[in-house]
Number of protein chains: 2
Amino acid sequence: MTDQPDAPLTRIQQKNRDLILEGALTAFSTNGFRGATVDQIAEAAGLSKPNVLYYFASKDDIHKTLLTTLLDMWLAPMIRIDPQGDPLAEVLGYVRAKLELSRRFPRESRLFAYEILQGAPHLTEILGGSLRQIVDTAAAILGAWMDQGRLARVDPHHLIFSIWALTQHYADFDVQVRAVLGPGHDPFVEAEPFIESLYRKMLAV
Amino acid sequence: MTDQPDAPLTRIQQKNRDLILEGALTAFSTNGFRGATVDQIAEAAGLSKPNVLYYFASKDDIHKTLLTTLLDMWLAPMIRIDPQGDPLAEVLGYVRAKLELSRRFPRESRLFAYEILQGAPHLTEILGGSLRQIVDTAAAILGAWMDQGRLARVDPHHLIFSIWALTQHYADFDVQVRAVLGPGHDPFVEAEPFIESLYRKMLAV
DNA sequence: TCCTTTATTGACCAAATGGTCAGGAACACG
DNA sequence: CGTGTTCCTGACCATTTGGTCAATAAAGGA
């Protein structure tokens, strides 16, 4: 499409790339990378298959673009944990933000879930690199608060894992949760006070 | 292979079906249903592709067989919760059993994760049927203990979800957990005391 | 041993799928 | 306008893949 690698995008390029990524998010998060077809993506985006491949070099390229783009949104709440803030309020704020992400962006959550399940072929460097650094930083903050006796002593890393597990479960396993609860339930609405009280009890000094 | 629908399996049939299911478990849990190929399964089983399809009608058939076979193992610990037992001990026993399943059978855990992510096309009746009943029964036991003041009052269904989320996370997101922790860690060994203390605090009256 | 049943496979097929390409349509802009 | 660039598509291709089948080999039982 363009020979200039860093040429600014035209309006049409911007719009169509967005359409494609939006359609691909739905396709990949529903069927996984292998299960989604370029035709599906094209139809979801309202474009022809060759046109999709005019804007992206390959199916793989679309997937990689999605993943790296979304990773920032996914990690943002953890970066916002403030060492100067109130420990419990900061943790609960993070929990709430993460649950809100699961509620509002379940497709993104599932996309990551598929990727990790598959062994994270596109994310290995990131997982052990920047993600690990961000987590270590957050864990250090939590650890310091525990040292100061402002939070109950628990393993900070596993505390973070537990938050991920609990919040993402409601997005990734949505069908199971809904099937078990039956109709007339809003899993996310019920989950919030449950998870909040869980961490209040766990982290109370 | 056999016209008799309920004919007992010969020794060869038994062995080869087992080989196929074993190979398929690895293939499906690594790449998902769509990502796994019959050739892969055949190679993992040490059989030829036509021979695999001699023992199972289709790839789908293999998948469904695996899923339903494994569901029992997966649900067993919840059924063993004893209304006559000590409440906290019963819950912690269930948690430990579930974590042990994740540790020993991560492929099975991932197989289910893929299935649920996909919207549980093969399990919809089961999810809203027998699974729901089993969960409701367990939730009722937990609720009764809470009524008697022997466990802290929390939403029993979400308590169960939290156990699933926390324990399965270590199997399903294994690569992520290991990448973040770095080498020299055994996630499951560290997770057990963390999760146990979590539920001790949460459920203490 | 002989004969029926069960196992196994190479060769093959049709459909699906990621991707290409030449050429035409739409657009931007002097 | 006109012209160069960007955008778009129908037709096409090679590969992968689930599945079939006729034919052969191996068991098994009387």
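FYI, side chains are in, hydrogens and waters are out, and symmetry mates aren't considered; it's all heavy atoms of this structure. Protein chains get the first letters and strands the later ones, always in sequence-line order, with residue 1 at the start of each.
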Would you mind reading off the distance between [X] atom [atom1] and [N] atom [atom2], rounded to a whole angstrom?
X	N	atom1	atom2	value
Asp61(B)	dG18(D)	CG	C1'	13 Å
Phe56(B)	dA7(C)	CZ	P	13 Å
Lys15(A)	dC27(C)	NZ	C1'	13 Å
Leu53(B)	dA7(C)	CG	C1'	14 Å
Tyr54(A)	dC7(D)	OH	P	4 Å
Leu47(A)	dG19(C)	CG	P	17 Å
Glu43(B)	dT17(D)	CD	C1'	15 Å

task: Check whether NZ of the Lys or CZ of the Arg Arg80(B) lies under 6.0 Å from the centre of the six-membered ring of Tyr94(B) and within 45 degrees of that ring's axis.
output: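 No; the conditions do not both hold, so Arg80(B) does not lie above the ring face of Tyr94(B).
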Going by the rule side chain to side chain donor-acceptor pair (under 3.5 Å), which residues pair with [X] if we only count those two or more places apart in sequence or in a different chain?
X	answer
Asp60(B)	His122(B)
Ser58(B)	none
Gln40(B)	none
Arg107(A)	Glu22(A), Thr26(A)

- prompt: Can you say whether the rings of Tyr170(A) and His158(B) are parallel (under 30°), tilted (30 to 60°) or perpendicular (over 60°)?
  reply: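 Aromatic pair Tyr170(A)/His158(B) classed parallel.
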query: Taking the six-membered ring for Trp, are Phe28(A) and His63(A) parallel (under 30°), tilted (30 to 60°) or perpendicular (over 60°)?
result: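 Correct class here is perpendicular.
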Given [options], the nucleotide with the shortest approach to the side chain of [X]:
X	options	result
Pro50(B)	dC21(D), dT20(C), dC8(D)	dC21(D)
Ser58(B)	dT20(C), dC7(D), dG19(D)	dG19(D)
Tyr55(A)	dC21(D), dC8(D), dT8(C)	dC8(D)
Asn16(A)	dA7(C), dC8(D), dA11(D)	dC8(D)

- request: Look at the side-chain N and O atoms of Gln13(B) and state whether any lies under 4.0 Å from the OP1 or OP2 oxygen of dT6(C).
  value: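 Looking at the OP1 and OP2 atoms of dT6(C), neither is under 4.0 Å from any side-chain N or O of Gln13(B).
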query: Counting only side-chain N and O atoms of Asn51(B), is one of them less than 4.0 Å from OP1 or OP2 of dA7(C)?
result: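 No.
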Could I get a table of every N or O pair under 3.5 Å where one atom is in the protein and the other is in nucleotides 12-17 of chain C?
unit_1, atom_1, unit_2, atom_2, d
dT17(C), OP1, Arg34(B), NH2, 2.3

- prompt: Knowing that exactly one of Thr167(B), Asp174(B), Asp172(B) qualifies, which makes a side-chain hydrogen bond (donor to acceptor under 3.5 Å, both in side chains) with Ser109(B)?
  reply: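 Result: among Thr167(B), Asp174(B), Asp172(B), Asp172(B) is the only option passing the side-chain hydrogen bond (donor to acceptor under 3.5 Å, both in side chains) with Ser109(B).
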For nucleotides 22-29 of chain D, give me every protein contact, N/O to N/O, under 3.5 Å, one pair per line with atom names.
none

Other residues, nucleotides, ligands: >12 heavy atoms within 6.0 Å of Lys201(A) NZ: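 Atom NZ in Lys201(A) is packed in, count exceeds 12.
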